[in-house]
Amino acid sequence: MSNNPYLYEKLVATRQAEIRHALQQSRKPVQTEKSPTFVENAADKFGTLLVELGSRLQRTNHRHEASLS
């Protein structure tokens with residue numbers, strides 16, 4: 001192999017670009033797993049709302065039964 005500085009720099013730059021590309025590709029699945037979708041957020045909030053509503057109804061029912069006793 002010849003000691004041409006230009007070719008060596010091009011080879012290093014190409015290899016660095018390949019490494020950067022590989023790192024970006026390996027990070028993509030991690031990023032998609034971290035951020036929930038709109039539907040997932042909506043389902044989560046709806047579930048929380050239902051649990052909260054059920055808890056309030058239970059408390060109201062217990063108070064109503066206690067006042068009747």
Problem - Q24 CD to R20 CZ distance, which is reported to the nearest 0.5 Å - result: 8.0 Å
Exercise for the section: Measure the spacing between CD1 of I19 and OG1 of T14 and express it to the nearest 0.5 Å. Expected result: 11.0 Å
Handout entry: Gap separating the CG atom of L11 from the OH atom of Y6, nearest 0.5 angstrom
Key = 12.0 Å
Fill in the blank from the handout: Taken to the nearest 0.5 Å, the spacing of E9 CD from N4 CG works out to 9.5 Å
Handout entry: Rounded distance [0.5 Å steps], CG in N41 versus NZ in K45
Key = 6.0 Å
